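Structure first, then comments.
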Amino acid sequence: MKNSSRKELFNHVESLLGQYCNGCFVHQQFKQDGGRRFAHRFCISQCTVGEKLQEYGKRLT
């Protein structure tokens, strides 16, 4: 997937978000317990799906 087009990368991102992130119980629970920023920070820094999304983001830039 090294030479993927931007459209393909966007499709992969959308599928990851739709499959794993929409309705994520962990995110919802962290949002209730620690707030929106806490939950977002967890998703970006510790969640494996967030790491994959960051990898796709680096390829887009």
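Every value quoted in this text rests on a predicted model; they were computed, and no experiment measured them.
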Can you list everything that forms a ring-ring contact (aromatic ring centres under 6.0 Å, His included) with Tyr20? Sequence neighbours excluded, please.
none
So does Leu60 get a backbone contact from the side chain of Arg6, meaning a donor-acceptor N/O pair under 3.5 Å?
yes
Check whether Phe30 and Leu17 end up in the same hydrophobic cluster, where Ile, Leu, Val, Met, Phe, Trp and Tyr are linked by side-chain heavy atoms less than 4.5 Å apart.
no
Is there a path of hydrophobic side-chain contacts, each under 4.5 Å between heavy atoms of I/L/V/M/F/W/Y residues, joining Leu53 to Phe10?
yes
How would you list all residue pairs meeting side chain to side chain donor-acceptor pair (under 3.5 Å) that involve residues 33-50, not counting sequence neighbours?
Gln29-Asp33
Using the six-membered ring wherever Trp is involved, compare the ring planes of His12 and Tyr56 and label them parallel, tilted or perpendicular (cut-offs 30° and 60°).
parallel
Using a 4.5 Å cut-off between side-chain heavy atoms of Ile, Leu, Val, Met, Phe, Trp and Tyr, which other residues end up in the same hydrophobic cluster as Ile44?
none
Name of the residue among Cys47, Cys43, Cys21 meeting side-chain contact (heavy atoms from CB on, under 4.5 Å) with His27
Cys43
Carboxylate-amine/guanidinium contact Lys58 Glu55, below 4.0 Å
no
